[in-house]
Amino acid sequence: MRMLTFAKRCTKEILRDPINLAFGLGFPLVLLLLLSSLQKNIPAELFDIDTLTPGITVFGLSFMTLFSATLIAKDRESAFLQRLYTTPLSGFDFILGYMLPLLPIAIGQTVICYLFAIPLGLTVNINIIYAIIGIIPMAVFNIALGLLCGSIFGVKQVGGICGALLTNLSAWLSGVWFDLKLVGGFFEKIANVLPFVHAAEMEKALFNGNFELVWAHILPILLYSIFITAVAVLCFLRQMKKQ
Amino acid sequence: MQEIKTVGLVKKYKNLTAVDKLNLEIHQGELFSLLGVNGAGKTTTIKMLTCITKPTDGDAFVEGYSVTKQSEQVKRLIGVSPQETAVAPNLSVKENLELICGIHGFSKEKTQIRIKELSEQFTLDAVLRRKAGKLSGGWQRRVSIAMALISEPKILFLDEPTLGLDVIARHELWDMIRSLKGKATIILTTHYMEEAEALSDRIGVIKDGKLLAVGTVEELKIMTGANDFESAFVSIVKEGAL
Ligand SMILES: Nc1ncnc2c1ncn2[C@@H]1O[C@H](COP(=O)(O)OP(=O)(O)OP(=O)(O)O)[C@@H](O)[C@H]1O
Ligand SMILES: [Mg+2]
């Protein structure tokens, strides 16, 4: 119950920030619109709305990292979190309270992306549901990464690292904008070691009903999610102790 | 039993000793003021007593519970108004108060009753629906203090509560603190000597993390041979341990 009270507060804090909403929702939607209209003039398979949309939903998740990291870093810099440290909230109440609200927000963002893509020509079928459910492990990864960054960086650093670096990383290394195979070499290897391209490929596979392709991608995503969550929990608890 | 007892409490930051082997006893129901110049170690002491900061050495006991080993129990007993105003900026004043009630496990009915009581005491009615972060400094301060009181703590820590309050608000807060006397044990820090004099049952003076003197206003005056409390404080701090 305590945890839910705190989670409710975090939800309000995130959703009441107009910049959050503008970026988190606006940016992916604008990209969808731009790239799909680009495709109409210069046909490229990659920007076909059925290929593009699953990739964009994965890219949109990087904003979840930004949201959670910003909120936690801000809280840590204000006396408010210190005050809460004197209340019966436990370390795990804080961690869950910070992470839980972002899951429905991430799913909501994915749903909105798909809905937005329908008038742009998206094929409507049951697979959309699978793609939406399938985004959860990658959402957990992004949210945990936010907890990690928020626990070790200050507000300004979070802006740079999560706002600029991570969103670009997830954009370039997800194979949404260009075919990684065409670039090949080292770049492709790096991309394959990181979870972004796997998430994008898995979402595409789910959306297009190629379920046999899912397994190769879900494993690295799950491993990354579990690993980053564990590290984030440790880092959060450590900074809480080190006041 | 002492409500609060510190035993050789030490806090070191690298090579700076913020609190130095502090031995302090605070009785149940009393208002104890911790006085000292800037950087004396008042806030650090409060942070250790409220389980925010881990002591480097020694321990402190709140109702017999160790702040290092039984912080869960300690946290259920205390209310803290930090030196810096601490409110959730994007929540309304009412939501801020509800948050603290929720964390302390109050029922919906009790939460509403407490909010009503506190908004009367702090005249918060007019601002209940406004975002806390948009209020003036003094009003945020009132909200911050109300958040410390709303859980009906047995032990209340007020770190420079009247900082930034206007004269009227300050006197109202004094009245409120007086009305809590006997019901709760209160640990207060302040730089206003008249405030300490008006409210305290006993006063402890610290300097460089060390406790220099403890006693009632009268006792400290007699100890130093001063006529007024401010001179007593000055001579304790200037002459060091008595
Ligand atoms: N997190 C920290 N890291 C390093 N030094 C610290 C930290 N917190 C406090 N100090 C140092 O510990 C000493 C005591 O600080 P403290 O905040 O307890 O003083 P104070 O008595 O509350 O002063 P004030 O009246 O200005 O609030 C100071 O020298 C301060 O610089
Ligand atoms: Mg202080």
Side-chain angles (χ1 to χ4, degrees), chain A residues 1-22 24 67-68 70-98 100-102 105 150-151 154-155 236-243, chain B residues 11 13 43-44 46-54 62 67-68 71-92 95-96 98-108 111 131-134 140-141 143-145 147-148 150-151 153 155-157 159:
Chain A
M1 256 351 269
R2 279 188 183 123
M3 185 278 286
L4 288 180
T5 308
F6 180 64
K8 215 166 110 190
R9 172 264 163 181
C10 293
T11 313
K12 286 180 189 161
E13 205 84 41
I14 293 167
L15 292 182
R16 284 180 191 175
D17 190 338
I19 297 180
N20 275 353
L21 289 185
F67 294 170
S68 73
T70 309
L71 177 64
I72 296 164
K74 259 193 203 158
D75 278 358
R76 286 206 303 128
E77 281 176 22
S78 82
F80 178 70
L81 191 59
Q82 287 215 339
R83 137 166 276 152
L84 294 187
Y85 285 162
T86 69
T87 67
L89 284 171
S90 72
F92 284 94
D93 291 335
F94 283 108
I95 289 167
L96 279 177
Y98 277 127
L100 272 190
L102 282 154
I105 296 178
S151 302
V155 176
F236 184 85
L237 293 179
R238 206 179 74 112
Q239 66 81 32
M240 191 174 167
K241 268 204 186 134
K242 252 186 63 185
Q243 288 294 318
Chain B
K11 181 69 196 182
Y13 291 108
T43 300
T44 308
I46 289 186
K47 281 186 175 171
M48 287 190 283
L49 291 174
T50 54
C51 312
I52 292 176
T53 302
K54 271 219 166 355
V62 176
V67 294
T68 55
S71 56
E72 253 176 73
Q73 283 91 332
V74 174
K75 287 175 183 178
R76 287 200 199 109
L77 300 169
I78 60 177
V80 186
S81 165
Q83 178 166 354
E84 283 172 65
T85 301
V87 297
N90 277 331
L91 299 195
S92 71
E95 286 168 336
N96 265 288
E98 281 169 350
L99 172 68
I100 302 293
C101 289
I103 288 173
H104 282 273
F106 285 11
S107 67
K108 276 221 170 74
T111 300
K131 272 194 186 177
K134 294 263 155 43
Q140 289 192 26
R141 191 89 206 154
V143 176
S144 187
I145 298 168
M147 286 163 78
I150 198 154
S151 63
I155 300 145
L156 183 62
F157 294 87
D159 199 352

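Residue numbers begin at 1 in each chain, while the letters A, B, ... track the order of the sequences.
With sequence neighbours excluded, the residues satisfying ring pair (Phe, Tyr, Trp, His ring centres under 6.0 Å) with A:F6 are A:F94, A:Y98.
One finds the NZ atom of B:K54 at 9.5 Å from the CE atom of A:M240 (value rounded to the nearest 0.5 Å). One finds the CG atom of A:L84 at 7.0 Å from the CE atom of B:M147 (value rounded to the nearest 0.5 Å). Considering SG of A:C10 and CG of B:L91, their distance stands at 9.0 Å, rounded to 0.5 Å.
Taking a 6.0 Å sphere around OH of B:Y13, one finds it holds more than 12 heavy atoms contributed by other residues, nucleotides or ligands. Within a 6.0 Å radius of NZ in A:K8, no more than 12 heavy atoms belonging to other residues, nucleotides or ligands are found.
Interface summary for chain A: among B:P82, B:A88, B:C101, the most heavy-atom pairs under 4.5 angstrom belong to B:A88. Between chain A and the options B:L99, B:T85, B:N96, heavy-atom pairs under 4.5 Å are most frequent for B:L99.
For B:S92, the part lying near chain A is the backbone, with the side chain staying farther off; criterion is any non-hydrogen pair under 4.5 Å. Both the backbone and the side chain of B:V80 come within contact range of chain A, each with at least one heavy atom under 4.5 Å from a heavy atom of that chain. Contacts of B:S71 with chain A are absent, with no heavy-atom separation under 4.5 Å from either backbone or side chain. If you measure heavy-atom distances from B:P153 to chain A, you find no contacts under 4.5 Å at all. When heavy atoms are compared at a cutoff of 4.5 Å, B:E72 does not approach chain A at all.
Between A:T86 and B:C51, the closest side-chain pair of non-hydrogen atoms is not below 4.5 Å.
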Q: Under the side chain to side chain contact (heavy atoms under 4.5 Å, CB included) rule, what do A:K12 and B:N90 come out as? Steps first, then yes or no, please.
A: CA-CA 7 Å; A:K12 286 180 189 161; B:N90 277 331; over 6 Å; no
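With B:K75 contributing its side chain and A:Y85 its backbone, the two residues share a donor-acceptor pair below 3.5 Å.
Of all heavy-atom pairs spanning A:Q243 and B:I52, the tightest one is CB-O, 3.2 Å. When all heavy atoms of B:H104 and A:P88 are compared, the closest pair comes out as CE1-CD, 3.6 Å. Shown here for A:R83 and B:S81, the closest heavy-atom pair between the two residues is NH2-CA, 3.9 Å.
For the pair A:R16 and B:E95, the salt-bridge criterion is met [side-chain N within less than 4.0 Å of a carboxylate O].
Proximity to chain B among residues 73-82 of chain A is limited to A:A79, A:F80, A:Q82, judged by heavy-atom separations below 4.5 angstrom.
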